[in-house]
Amino acid sequence: MELDILAVGAHPDDVELHVGGTLARMAALGYAVGVVDLTRGELGTRGTPSVRAREAGKAARILGLTVRGNLGLPDGDVLITPKTRLAVIRALREHRPMIVMAPHWDDPHPDHANAGRLVADAAHHAGLAKIRTGQERFRPKALLYYMLPPHVLPTFIVDVSAHVGQREMAIRAHQSQLYDPKKKPDTYLSQPDFLYGVDAVVSYYGTLIGRAKGEAFFMKVPPEMPDLVGFFRQQGFRRLR
Ligand SMILES: [Zn+2]
């Protein structure tokens, strides 16, 4: 299945927490949007791989995804090896997405950091004909990093105000990971305040673009701006009278 956008997460809830609104918005526009998670999140303190797979499937339906796959790499041990790189190359050549999303490489969780580097390496190598997988070679047009560290200024921000309900429902689909006073032990995600923090981040990025909610992306190479006037006119410019 060929996709317009493929978002890669290290764990089954990474994509929902950081780019759920963007994926929902792009799917609503009619684009083919998919997610591939690198691991099944089996190292998570709560939830089993089968529970987490069910939750990921539910979130995919809420966001309107065309595809949700899982590469089954070991949770907590996402490493860049010829084997893991080949697994990502296979996924890229299968789905042939114009746009690929991956976690920013500067994240305290080693799985997130390595996922960002692994996807970048694979996006490059997928274009090399001599790396053989029995598929056509392929290279995406754009690699967008999400999950930005605080010191990184986004290259652009997507307004997700109209899709914040879907975004929240998709996050809440990962019920095994979230606050439930009856469940022990507590984790970072299961703190009652966790979702306030998540919402604060999308509110902050929204504020930067004059909207209610936003999701931020970073590109190593900035995108070309073909029509400056048309672009800013589309942003709603009006001369004050
Ligand atoms: Zn994660």
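Residue indices begin at 1 and follow the sequence shown. Order of appearance sets the numbers: ligands from 1, and atoms from 1 within every ligand.
Looking at H11 and the Zn ion (ligand 1) together, the shortest N, O or S contact belongs to ND1.
Legend: side chain to side chain donor-acceptor pair (under 3.5 Å) pairs involving residues 221-241, not counting sequence neighbours: none detected.
In summary, H112 places an N/O/S atom under 2.8 Å from the Zn ion (ligand 1), meeting the contact criterion. In summary, D14 places an N/O/S atom under 2.8 Å from the Zn ion (ligand 1), meeting the contact criterion.
Between the side chains of T48 and E42, no donor N or O sits under 3.5 Å from an acceptor N or O. When only modelled atom types and interatomic distance are considered, Q177 and H174 share no side-chain donor-acceptor pair under 3.5 Å. Using modelled atom types, one finds a donor on one side chain and an acceptor on the other under 3.5 Å when comparing H112 with H11.
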